[in-house]
Amino acid sequence: MLNTVYQLKAPRQFEAVFKDIPLDQEHVLVRPTHLSICHADQRYYQGNRPEAVLRSKLPMALIHEGIGKVVYDPTRNYQIGEEVVMIPNHPMEKDEIIAENYLRSTKFCGSSKDGFMQEYVALLPDRLVRLPEGIDKIVAAFTEIVSVSYHAISRFQRFSHERRRTIGVWGDGNLGYITSLLLKKMLPETKVCIFGVNANKLSDFSFADETYLISEIPQDMQIDHAFECVGGNGSPAAINQIIDYIQPEGTISILGVTEDLAPINTRMVLEKGLHIFGSSRSGRADFEGLMELYRQNPDVPEYLENIVGTTFEVRSIKDMTQAFETDIHKLIGKTVMIWNG
Ligand SMILES: NC(=O)C1=CN([C@@H]2O[C@H](COP(=O)(O)OP(=O)(O)OC[C@H]3O[C@@H](n4cnc5c(N)ncnc54)[C@H](OP(=O)(O)O)[C@@H]3O)[C@@H](O)[C@H]2O)C=CC1
Ligand SMILES: O=C(CO)[C@H](O)[C@H](O)COP(=O)(O)O
Ligand SMILES: [Zn+2]
């Protein structure tokens, strides 16, 4: 069957191409309904990745955060019309130790294969997860970024020592909001403090125990562990400030993506005996765990409504371009495309 795929051909240029889509006995066909824009998509859209990377990856359809409706399922796992979240990573092998999102052979939608900006998406049934009944579709659209926080916190629980009185989250944007919200649910005994650059944004973190501007952190501030959710040019300053305030033997979870190398104070990493670990993307177990967390804590998706930014009805390439251009200038919040592509 011929499928329309909306690929980024060059920075700021989408084009519609027609590709064959498998109508076989293995793949479930999903019609995307709500797609959400990530920073990673913006780095391709704006041409902020190195020239060689862009040359090797484009043309490619963007977007790895999205939900849709099942329209055809020869595997009989799903009902027609069922609403599902699409898992963007596609493992090519199984490994007993290494998680699916860290296997170098795994393909990721909108990074090493076409993303969800398509008329139909063909996926193996284990790349779909049912949405909880009644969940807000706009919030559900950005399940993937929430699953990344869930994944990083689950790993943090494995890697960090158990004195978790105070955790600091650096970054007053979307990922900072999501990570600190999930920390409050997954580690209810822990005090969660947010460190950011904008007082207005920090005032949205109503569930947090404390918020601080990074220029006004009290000298005697002590945190046991920290999450870096800044990325970009702000990453090195955030990581080094964490190293300054964290207690010895603390664990630092890095989530922000930088294009350039980040110089960090390794002397103090050594002197304090710190653990630093990175997390990228998430796997099926994280999506499932998160859906269960939503079912048990309906206030979590409600809180996430606070970071819904602009929503766009998208019917044409002009609409897609407008959604991406508007997303660049947002202060905070996820941009969601209601997808009629
Ligand atoms: N590891 C993974 O799998 C994933 C990684 N990411 C990455 O995470 C990063 C953050 O994403 P997202 O939250 O959507 O982006 P946002 O731009 O919404 O958030 C980043 C926030 O950090 C603020 N900031 C800048 N410098 C500092 C500082 N020194 N200390 C504290 N806060 C600071 C920014 O303020 P201002 O805007 O004013 O500069 C902004 O509010 C990106 O690099 C993104 O690519 C996202 C999803 C998944
Ligand atoms: O956003 C992310 C996951 O949600 C990751 O940062 C993204 O997948 C990184 O991909 P790329 O290597 O293409 O920048
Ligand atoms: Zn992302």
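Everything numeric here is computed off the predicted structure, so don't read it as measured data. When a residue number appears, it is its place in the shown sequence, counting from 1. Ligands are counted one by one from 1 in listed order, and the atoms in each one are counted from 1 as well.
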If the cut-off is 4.0 Å to any non-hydrogen atom of L175, which atoms of ligand 1 fall inside it? 6 (N), 8 (O), 12 (P), 13 (O)
Using a 4.0 Å cut-off to any heavy atom of K201, which atoms of ligand 1 qualify? 35 (O), 36 (P), 37 (O), 38 (O), 40 (C), 41 (O)
Between D327 and T335, is any side-chain donor less than 3.5 angstrom from a side-chain acceptor? yes
Those atoms of ligand 2 less than 4.0 Å from some heavy atom in C38: 1 (O)
Checking a contact table here: which protein heavy atom is nearest atom 12 (O) of ligand 2, and how many Å away? R281 NH2, 3.5 Å
Heavy-atom contact under 4.0 Å between V148 and ligand 1? yes
Determine how many protein N/O/S atoms sit closer than 2.8 Å to the Zn ion (ligand 3), leaving waters out since they are not shown. 2
Counting only nitrogen or oxygen atoms and a 3.5 angstrom limit, does V257 reach ligand 1? yes
Scan side-chain atoms only and decide if Q42 and N48 contain a donor-acceptor pair under the 3.5 Å cut-off. no
Enumerate the atoms of ligand 1 whose separation from the nearest heavy atom of G231 is less than 4.0 angstrom. 43 (O)
Report, in ascending order of atom number, the atoms of ligand 1 lying under 4.0 Å from any heavy atom of D172. 21 (C), 22 (O), 23 (C), 34 (C), 35 (O), 40 (C), 41 (O)
Treating R284 as the side-chain partner and D126 as the backbone partner, does any N or O pair qualify as donor plus acceptor under 3.5 Å? yes
Part of S279 with heavy atoms under 4.0 Å of ligand 1, whether side chain, backbone, both or neither: backbone
Close side-chain approach of L29 to V70, heavy-atom, < 4.5 Å: no
Enumerated ligand 2 atoms positioned under 4.0 Å from heavy atoms of A40: 1 (O), 7 (C)
Can D73 and T75 be counted as having a side-chain donor-acceptor contact under 3.5 angstrom? yes
Among side-chain atoms of Y177 and D172, is any donor-acceptor pair under 3.5 angstrom? no
Quick one: nearest non-hydrogen protein atom to atom 21 (C) of ligand 1, plus distance? G173 N, 3.6 Å
Cut-off 3.5 Å, side chains only: do K57 and S111 have a donor facing an acceptor? yes
Do the non-hydrogen side-chain atoms of I338 and F312 ever get within less than 4.5 Å of each other? no
Q118 versus Y120, side-chain donor and acceptor atoms under 3.5 Å: no
Could you verify whether a donor N or O on one side chain and an acceptor N or O on the other, from R164 and S160, lie under 3.5 Å apart? yes
Numbering as shown, the atoms of ligand 2 that approach V257 to under 4.0 Å (heavy-atom distance): 6 (O)
Does ligand 1 have a heavy atom under 4.0 Å from the side chain of Y177, from its backbone, from both, or from neither? neither
Side chains of K137 and T33: does their closest heavy-atom pair fall under 4.5 Å? no
In the protein, which heavy atom is nearest to atom 35 (O) of ligand 1, and how far is it? V197 CG2, 3.2 Å
Taking the six-membered ring for Trp and the single ring otherwise, decide whether the centroids of Y45 and F324 are under 6.0 Å apart. yes
Just jot down the ligand 1 atoms closer than 4.0 angstrom to any heavy atom of C229, in number order. 10 (C), 20 (C)
Which is closest to atom 4 (C) of ligand 1 by heavy-atom distance: I239, L331, L255? L255
Do the charged groups of E189 and R165 touch, with an N to O distance under 4.0 Å? no
Just which atoms of ligand 1 are under 4.0 Å from any heavy atom in I214? 28 (C), 29 (N), 30 (N), 31 (C)
Please check if any side-chain donor atom of S253 sits under 3.5 Å from a side-chain acceptor atom of E228, or the reverse. no
Atom indices of ligand 1, in the order listed, that fall short of 4.0 Å to a heavy atom of F195: 31 (C), 32 (N)
Within 45° of the axis and under 6.0 Å from the centre of the six-membered ring of F108, does NZ or CZ of R281 qualify? yes
Any atoms of ligand 2 less than 4.0 Å from a non-hydrogen atom of H64? List them with their elements. 1 (O), 2 (C), 3 (C), 4 (O)
Any side-chain donor paired with an acceptor under 3.5 Å for E93 and S105? yes
Using a 4.0 Å cut-off to any heavy atom of E144, which atoms of ligand 2 qualify? 3 (C), 4 (O)
Which of the atoms in ligand 2, numbered in the order shown and given with their element, are less than 4.0 Å from a heavy-atom of F108? 8 (O)
Are any of the N or O atoms of G176 closer than 3.5 Å to those of ligand 1? no
Ring centres under 6.0 Å, that's the criterion: do Y212 and W170 meet it? no
I need the nearest protein heavy-atom contact for atom 20 (C) of ligand 1: residue, atom name and distance, please. V230 O, 3.7 Å
Please could you name the atoms of ligand 1 that R43 approaches to less than 4.0 Å, counting only its heavy atoms? 43 (O), 45 (O)
Donor-acceptor contact below 3.5 Å, side chain K272 vs main chain D244: yes
Around atom 3 (O) of ligand 1, find the nearest protein heavy atom and jot down its residue, atom name and distance. R281 N, 2.8 Å
Salt bridge between K318 and E325, side-chain N to carboxylate O under 4.0 Å? no
Per-atom filter on ligand 2: closer than 4.0 angstrom to a heavy atom of R49 are 11 (P), 12 (O), 13 (O), 14 (O)
Within ligand 2, which atoms have a heavy atom of R43 less than 4.0 Å away? 6 (O), 14 (O)
Backbone or side-chain N or O of N174 under 3.5 Å from ligand 1 N or O: yes
What protein heavy atom is closest to atom 17 (O) of ligand 1, reported as residue, atom name and distance in Å? H39 NE2, 3.1 Å
Looking at I254, T251, I242, which hits side-chain contact (heavy atoms from CB on, under 4.5 Å) with I276? I254
